[in-house]
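For clarity, every value in this text was computed on a predicted model and none was experimentally measured. Keep in mind that the numbers below use all heavy atoms, side chains included, and drop hydrogens, waters and symmetry copies.
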Amino acid sequence: MKIVRGLMLLAVAGVAGAQSLADLPDPLVGTWSSFELSHGNTYPGVFLPFGAIGWTAQMSEGGWPYQYFRETIQGFLATHQPSAWMANYGPFSLMPITGVLEVAPGVRASHFQHANEQARPYRYSVVLDAYKVKVEMAPSLHGGAFRFTYPKTEDAYVILDDFHGGGAVQIHPESNTITGKNSSGVRNVAGFAQYFAMVFDHKFTRSGTWEIPENAQGRAIQGQPTTIAADSAGREGNHVGAYVGFATKEGEAVTVRIGVSLISVEQAERNLRAEMPEEGFDPVVARAKSAWERQLAKVEVQGGTAAARKTFYTAMYHAVQFPHMLQETDAAGKMVHWSPYDGKVHPGEMFADNGFWDTFRAQFPLLTLMEPKKDAEIIRAMLNAYDEGGFIPKWPNPGETNVMIGTHGDSVVADAYMKGIRDYDVAKAYAALHKDATEKGTPPFQARSGIEDYIKLGFVPYDHGVHESVACTLEYAYDDFAVAQMAKALGKEDDYKVFQARTANYRNLYDAKTGFMRGRKSDGAWIEPFDPLAWGGVYTEGNAWQWLWSVQQDVPGLMELMGGRDAFIKKLDELFSTTADFKVGGYGSVIHEMTEAKMAGTGQYAHINEPVHHVIYLYDYAGQPWKAQQWVHKVENELYKPGPAGWLGDEDTGQMSSWYIFSSLGFYPVLPGQPIYALGSPQFDRAVLHLENGKTFTVEAARKAAGDIYVQSVTLNGKALNRPWISHSEITGGGLLRFQLGPQPNKQWGTEGMPKP
C-alpha cells in the first residue's frame, strides 16, 4: 500500500513539474488587501497545520501585518491573528539589523524586493536591503526557528520587540537566551500572557534592553524619549524590548530557536526542547516540510491547469491554518491548556481563532471528511470551553468575542455526530447545544441575542435592540435544525418536535409582496422603507438579495413560499443576472464587501462573503443542476486566480478555501447536519482522497476539452448515478465517482432534486 501511494505521489509531482507538494501552495495569495478592498485578507504565514502559532513578515501594525504593495519590513512576527478584523494576542517580533542600533519599528525597518522573497508554508525567506541580511524562518507547533545570515560587520544585532500592551524581557548571556512575555490582546479574563524562550547559537558580544514610553493603549507618551539601556538584563513595561549583538564574518549565520507557551516560561522552554531538540535551522525546516507533505498528500489532484492545481493546494494550506490548537504537554507528560475563560490551567484540549459563522458552512464539513480525528479534537476543545465559560464560543480569539451572529457551534457538533464522529462526551455536547437554543447568554457570552423574542414571537424583532434581526432569525432557525437533528438521533423526541418546529421560523419574515425576507417590529409591522439593494440594518454584511436564500434546512418550504419551483428558479436566475449596484443602507458608508460584490460580476450573488456560499447548489434542489455546474466553474476561474491580488473577498479562517476545495472536487455540503453533498462539476481530471479510515475515494472527470464543464452522466462504483447528490457514507466507504462531462448541458440528468432532511 505504501509503495502504491508513493508511486501516486511521484505521479502527482510529475504532473506539477517535479515540485514537492509542500512547494505548491502560494502563501502570498490574498496578501494584496486593505481596509477598502479585500483580496483574501491573508498574510504569508509559516505554520504547521492547526499549530498554536504562526510567523509572518511584518510591514506595519494594525489589522494587516503584511500587505504585498508595501516596500519595507519592520520585523518578523509571532502571531495568532486570524483575520485583519480580529485581534492578535501575545505578539512579539524579531528584527536583524546592522550598523547603528535602532529599535523603534519605523526607524529600524528595511526596504526589500519581492524578487528576493520566497514564501512556502514551511519556510519563508527574504533579503533586507538596508542591512544586507538574509532572513529565514520555519515553524514548529509551539514556536519556530530563524536563521539570520549577516555580512561582515562588528555591529550585527537582533532586536526583540515585545510590543504594546504590557510585557517583560530577561536576557541570560550565560546561556545565550532571552525569555519574556507579552500580556496584550485578551479580554474578559485576568492573567493572560504569552511566554517565550529563545536560544541563540552564538555568544552575545553585547546586549541590553529598551523601552518606548507608551500608555496602556499603546499610544506614545509625548515628550518622553526611547530608552536604550546597554548591559541591562531585564525590563518590564507597556512597550519594552531587548537587543543582542554579534561580530560576524561575511555570510555568517546566527540561528535562533523559539518556544512559546500560554502557561509559563518554563513551559515555553519545555515546548522548545520537545519540538526542536537539536541546534540548527535545517532540521526545523525538514520537519515542517515533511508535515506539509503529509498534509497535502491527503488529496492528490491531476489534470486541470497548473494555476488551478496551485490554487487547490493554496486552498488546502489556508483550510488548516485555523483554528489554533492551544494545548501543551506539561512536565508530567499530560495534555493541558491555559483557559481564556477562567484564566486557569486545565487538562485537555483548547482551541481559538475561528469564526463559526464563516466556517460551519464548508471548513468544518471538510474536516468531517478529511480530518475526522481533528474534528473530534476540536469538539472536545469546544466542550472544555463550555465547561470553563458556560457556553460554546462563537468566535474565540482566544476567548469569546461575540463577533457575528448565531450559535453555529451547534452545526459543527451536530454535523459531526450525524456523520458518526463521536469521540467526545455526547451528552455534554447535546446539553451545550440545548443551552444555546433555549437560554439567554451570560457575559461574556452573547449567544443568541434576542432569543426570548425569537421563542415567543417566532422571529427576532427589529425594535428590541438586536441588530441584524432578519439575519439572526434565519440563522437561529438553521441552528435549531442542527439541534433538532441531534435530538432526534439521541431519541429526545420532545426536544426534536420543539426545535424542528422552530426551523420554520424563516416563514415569519417572508414578504410575498416584495419576494424577500424583511425586518419586522415586535407588533408584526414591516420595517419601512424597504430596498432590496440596501446593505446592513436587519442584514449581516449583505442585503435582502443575499439573505433570501438562507433556508438551507427547508429549501422545498422556501420554494413553496416563493410560489413554486418555477418561481424559485426565476428568482435564482435573477440573483445572478440583476444589477450589481448597492445602497449603503444601515452601514451609512461603503464597506469593502459592497465594492467586492460589485466587482465580481455575478449580479447580487456575493461570493465574496459567506451567506451565499451554498446558493449556487440550490439549482440541484430545483432540478436544474446544469446551472450549478456553469456557475461553479465561473466562480472558481474568475474569483480564485493566482497572485497576491488574485482572490476577491475575505478568506475568513479557511471558509473561502474550503468552498473551493469542495467545489473543485465536484461536490458541496449545502446543509451541514444532513450527511449528503450536492454534486457540481469537477475542476480536475482526477482527484484521490486518502481518508483516515484507510480507504480512498476517487473522483474522475472525463472530458474532451477544457471547456467541457456540463455533466452528461455520473457513475458511482460503475453504477449509474442519476441523482445530483452523494452521501457522506458513500464517500467514506471508498470507491470511484466518475463524471462524464461535455460542452452542453444534459437537461435530463439529475432533475429529481435533493432529499429532504
Side-chain angles (χ1 to χ4, degrees), residues 4-17 19-22 24-25 292-320 362-363 365-372 617 628-629 632-633 635-637 640 654 657-669 676-703 706 708-718 721 724-728 730-741:
V4 171
R5 187 169 181 185
L7 292 173
M8 292 179 71
L9 288 173
L10 288 172
V12 172
V15 171
Q19 277 187 297
S20 159
L21 283 177
L24 281 177
W292 277 107
E293 286 281 359
R294 292 191 299 273
Q295 183 68 40
L296 298 174
K298 293 177 181 180
V299 183
E300 303 165 31
V301 298
Q302 300 174 35
T305 65
R309 292 191 297 274
K310 197 170 187 67
T311 296
F312 183 86
Y313 286 108
T314 300
M316 287 191 67
Y317 154 81
H318 283 304
V320 296
Q363 192 214 18
L366 184 62
L367 293 180
T368 67
L369 184 61
M370 299 306 304
E371 312 265 357
Y617 293 94
Q629 298 152 23
V632 161
H633 280 273
V635 169
E636 288 171 341
N637 295 335
Y640 291 85
S657 286
S658 298
W659 184 95
Y660 183 91
I661 293 167
F662 268 124
S663 294
S664 64
L665 292 173
F667 52 94
Y668 186 81
I676 68 167
Y677 304 86
L679 296 182
S681 174
Q683 179 83 260
F684 303 103
D685 297 341
R686 181 179 172 87
V688 181
L689 283 62
H690 296 281
L691 305 175
E692 276 188 0
N693 63 9
K695 297 182 179 181
T696 61
F697 184 75
T698 301
V699 181
E700 290 183 351
R703 51 167 67 88
D708 292 353
I709 63 171
Y710 293 104
V711 174
Q712 306 301 299
S713 62
V714 179
T715 60
L716 177 62
N717 299 326
L721 189 70
W725 58 273
I726 187 170
S727 72
H728 184 78
E730 285 172 331
I731 296 175
T732 57
L736 172 63
L737 181 67
R738 193 171 194 274
F739 292 79
Q740 184 67 47
L741 303 180

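Here the closest non-hydrogen pair linking T311 and Y640 is OG1-O, 3.6 Å. V714 approaches F739 most closely through the heavy-atom pair CG2-CD2, 3.7 Å. For R738 against A702, the heavy-atom pair with the smallest separation is NH2-CB, 3.5 Å. Minimum heavy-atom separation, S681 to H633: OG-NE2, 2.8 Å. Minimum interatomic distance between L366 and S658 (heavy atoms only, all atoms of both residues): CD2-OG, 3.9 Å. When all heavy atoms are compared, the tightest approach of F684 to A308 is CZ-O, 3.5 Å.
Using a 4.5 Å cut-off on side-chain heavy atoms (C-beta onward), Y668 and V632 make no contact. Using a 4.5 Å heavy-atom cutoff, the side chains of Q363 and F662 are not in contact. Between L737 and L721, the closest side-chain pair of non-hydrogen atoms falls below 4.5 Å. Side-chain atoms of I726 and F697, non-hydrogen and from C-beta on, do get closer than 4.5 Å to each other. Between Y317 and L24, the closest side-chain pair of non-hydrogen atoms is not below 4.5 Å.
Using a 3.5 Å distance cut-off with no hydrogens or angles, the side chains of S663 and Y617 do pair a donor with an acceptor.
The CZ atom of R686 sits 9.0 Å away from the CD atom of E300 when rounded to the nearest 0.5 Å. Interatomic distance, Q302 CD to D685 CG, rounded to the nearest 0.5 Å: 8.5 Å. Here the straight-line distance linking atom NZ of K298 with atom CD of E293 works out to 13.0 Å at 0.5 Å rounding. Atoms OG1 and CZ, on T314 and F312 in that order, are 10.5 Å from each other to the nearest 0.5 Å. With values rounded to the nearest 0.5 angstrom, H728 atom NE2 is found 5.0 Å from T368 atom OG1. T732 contributes atom OG1, which lies 7.5 Å from atom CG of L369 (distance to the nearest 0.5 angstrom).
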For this session: Walk me through it: do L691 and M370 pass the test side chain to side chain contact (heavy atoms under 4.5 Å, CB included)?
Result: CA-CA 6 Å; L691 305 175; M370 299 306 304; 3.9 Å; yes
For this session: Let me see the working for T305 and Q683 under side chain to side chain contact (heavy atoms under 4.5 Å, CB included), right down to the final yes or no.
Result: CA-CA 9 Å; T305 65; Q683 179 83 260; over 6 Å; no
Exercise. How far apart are the C-alpha atoms of Y660 and M316, what are their side-chain angles, what is the distance that settles it, and do they pass the side chain to side chain contact (heavy atoms under 4.5 Å, CB included) test?
Worked result: CA-CA 9 Å; Y660 183 91; M316 287 191 67; over 6 Å; no
